[in-house]
Q: 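Sharing a structure here in structure tokens format.
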2 protein chains.
Amino acid sequence: MSSLTQLIESYINELFEEERTEDSVFLRRKDLAESFGCVPSQINYVLRSRFTPERGYLVESQRGGHGYIRILKICSSTPQDRVNHIESIVGDSLNDQEARRLLSVLQERGLVSSRERLVIEVALRFCDEVGSSVFDISPYKRNVLQAELLKRMLRGLALS
Amino acid sequence: MSSLTQLIESYINELFEEERTEDSVFLRRKDLAESFGCVPSQINYVLRSRFTPERGYLVESQRGGHGYIRILKICSSTPQDRVNHIESIVGDSLNDQEARRLLSVLQERGLVSSRERLVIEVALRFCDEVGSSVFDISPYKRNVLQAELLKRMLRGLALS
DNA sequence: ATTTGTTTGGTCAGTATTCGTCAAGAAGGA
DNA sequence: TCCTTCTTGACGAATACTGACCAAACAAAT
């Protein structure tokens with residue numbers, strides 16, 4: 001039922017939990033792939049899709065002799081850091097799907113509660129609906145509006 | 001004379017009742033469609049029309065291998081009463097001042113948190129701003145829009 | 001110091017699988 | 001009848017996974 005990607009993701013998360021002193025973990029791609037019985041590039045897929053800046057991670061690596069992969073968990077300490085982080089991941093334009101996925105990630109990270117997420121989704125839907133059916137503005141401009149609204153709402157939360 | 005949509009809606013509601021530990025259920029669109037003998041996109045219609053944020057639900061999904069649909073119920077208790085109450089308080093038109101006073105009351109009564117109130121105020125302000133500066137609609141129509149948006153956001157929360 | 005080989009990780013494209021969207025038509029209700 | 005809601009199917013898009021090939025770091029031999 002659970003996908004290979006999820007299994008590997010969970011394994012890496014466990015590594016983070018064991019790691020009490022640092023907020024980074026080191027991997028060897030080849031070994032990890034071997035122990036999960038898959039090709040090495042599967043590890044890259046997991047990293048690319050699960051340990052992204054959007055989800056609060058950075059990845060470093062080095063090839064060759066004593067090569068490694070290092071995953072760092074980034075935690076913004078000040079409210080302003082959080083705002084900047086939000087701004088950077090929301091960007092200037094955002095369609096429905098992207099907005100929803102982002103909110104899901106933010107809830108997962110505990111940055112917004114489920115009720116807050118609900119209110120935000122209602123507001124975004126309303127914005128989109130009014131924009132399209134009442135004012136008939138272009139899909140692109142709707143996405144720009146959505147991004148702006150989303151950023152403002154999240155900015156408020158990040159500072160509160 | 002129950003429609004297919006209603007049958008599927010009921011089935012999903014049953015899943016929620018069985019689910020004692022979590023307030024979310026996982027589906028496979030293809031399987032569900034198959035067991036109801038309909039096309040997969042029928043499931044999307046049910047979700048789009050029945051499990052909306054305005055009704056207190058959030059839907060997440062993932063395509064591709066090991067894809068799924070997850071429905072989260074943000075509201076677990078029943079009271080439609082509160083919704084009706086909200087509707088009557090908000091009414092059909094609402095200026096800034098009235099909206100803020102209302103939110104203040106709701107926060108005092110513990111019906112919305114300070115963070116939720118913040119998000120709501122940001123959304124209302126944005127709505128108003130866009131309405132006036134971008135589309136230049138009349139103050140009265142802006143108030144109608146505001147009231148509508150506020151009702152939708154509160155309706156979702158009121159169910160929780 | 002340069003070359004060559006070994007040991008790592010990265011990238012890309014292809015395939016299978018699963019969900020979403022859209023538009024058109026059907027069915028149902030006022 | 002007219003309008004809303006429902007239902008369908010064709011098409012598009014995202015995700016998971018693999019394997020072939022590329023690139024970088026290091027080490028040993030010349």
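Convention: sequence-line order gives letters A, B, ...; per-chain numbering from 1. For the numbers below, each heavy atom of this structure counts, side chains included, while hydrogens, waters and symmetry mates do not.
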Q: Give the table of side-chain donor-acceptor pairs shorter than 3.5 Å for residues 32-39 of chain B, with sequence neighbours excluded, one pair per line with atom names and distance.
A:
from	atom 1	to	atom 2	distance (Å)
B/Ser35	OG	B/Leu32	O	3.0

Q: In the hydrophobic cluster built from side-chain contacts under 4.5 Å, what are the other members alongside A/Val83?
A: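 Besides A/Val83, the cluster holds A/Leu159.
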Q: Given a cutoff of under 4.5 Å between side-chain heavy atoms of I, L, V, M, F, W and Y, with clusters grown through shared members, what are the other residues clustered with B/Tyr140?
A: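 Cluster partners of B/Tyr140: B/Val144.
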Q: Separation of A/Ile71 atom CD1 from C/dG10 atom P, in whole Å?
A: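 The distance from CD1 of A/Ile71 to P of C/dG10 comes to 11 Å, rounded to the nearest Å.
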Q: What is the distance, rounded to the nearest whole Å, between atom OH of A/Tyr45 and atom C1' of C/dT17?
A: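 Nearest whole value for this atom pair: 12 Å.
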Q: Any side-chain N or O of B/Ser3 below 4.0 angstrom from OP1/OP2 of C/dG28?
A: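 For B/Ser3, the contact criterion (side-chain N or O under 4.0 Å from OP1 or OP2 of C/dG28) is not met.
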Q: Atom CD of A/Gln42 and atom C1' of C/dA16: how far apart are they, to the nearest Å?
A: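 About 14 Å, once rounded to whole Å.
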Q: Just need the stems in DNA chain D: three or more back-to-back Watson-Crick or G-U pairs, each with both distances under 3.5 angstrom, sorted by first number.
A: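 So far as stems of 3 or more pairs are concerned, DNA chain D shows C:1-30 with D:1-30.
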Q: Test of understanding: with side-chain hydrogen bond (donor to acceptor under 3.5 Å, both in side chains), list the residues that count as partners of A/Arg142, not counting sequence neighbours.
A: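 Only A/Asp128 meet the side-chain hydrogen bond (donor to acceptor under 3.5 Å, both in side chains) criterion with A/Arg142.
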Q: Enumerate donor-acceptor pairs with a distance under 3.5 Å from any side-chain N or O in residues 56-74 of chain A to protein atoms, sequence neighbours excluded.
A:
from	atom 1	to	atom 2	distance (Å)
A/Arg70	NE	A/Ser24	OG	3.2
A/Arg70	NH2	A/Ser24	OG	3.4

Q: When all nucleic acid strands are considered with a 4.0 Å heavy-atom cut-off, which category describes A/Leu4: base, sugar-phosphate, or nothing?
A: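 Sugar-phosphate contact only.
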Q: Tell me: CZ of A/Arg70 to C1' of C/dG9, nearest whole Å?
A: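 Distance, rounded to whole Å: 17 Å.
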Q: Rounded to whole angstrom units, what separation is found between the CD atom of A/Gln6 and the P atom of C/dT17?
A: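 Between P of C/dT17 and CD of A/Gln6: 18 Å.
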Q: What residues, two or more places apart in sequence or in another chain, satisfy salt bridge (charged side-chain N to carboxylate O under 4.0 Å, His left out) together with B/Arg29?
A: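 Here no residue qualifies.
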Q: Restricting to pairs with a member in residues 77-105 of chain A, which pass salt bridge (charged side-chain N to carboxylate O under 4.0 Å, His left out), not counting sequence neighbours?
A: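 As it turns out, the salt bridge (charged side-chain N to carboxylate O under 4.0 Å, His left out) pairs with a partner in residues 77-105 of chain A, which skip direct neighbours, are A/Glu54-A/Arg101, A/Glu87-A/Arg155, A/Asp92-A/Lys151.
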Q: What does the list of N/O pairs under 3.5 Å between the protein and nucleotides 18-25 of chain C look like, with a distance for each?
A:
from	atom 1	to	atom 2	distance (Å)
C/dT18	O4'	B/Gly64	O	2.9
C/dT18	O2	B/Gly64	N	2.8
C/dC19	OP1	B/Arg29	N	2.9
C/dC19	OP2	B/Lys30	N	3.2
C/dG20	OP1	B/Ser61	OG	3.2
C/dG20	OP2	B/Asn44	OD1	3.4
C/dG20	OP2	B/Asn44	ND2	2.7
C/dG20	O4'	B/Arg63	NH2	3.1
C/dG20	N7	B/Arg29	NH1	2.8
C/dG20	N7	B/Arg29	NH2	3.0

Q: Side chains of B/Thr5 and B/Gln42: is there a donor and an acceptor less than 3.5 Å apart?
A: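 Note: B/Thr5 and B/Gln42 side chains meet the donor-acceptor criterion.
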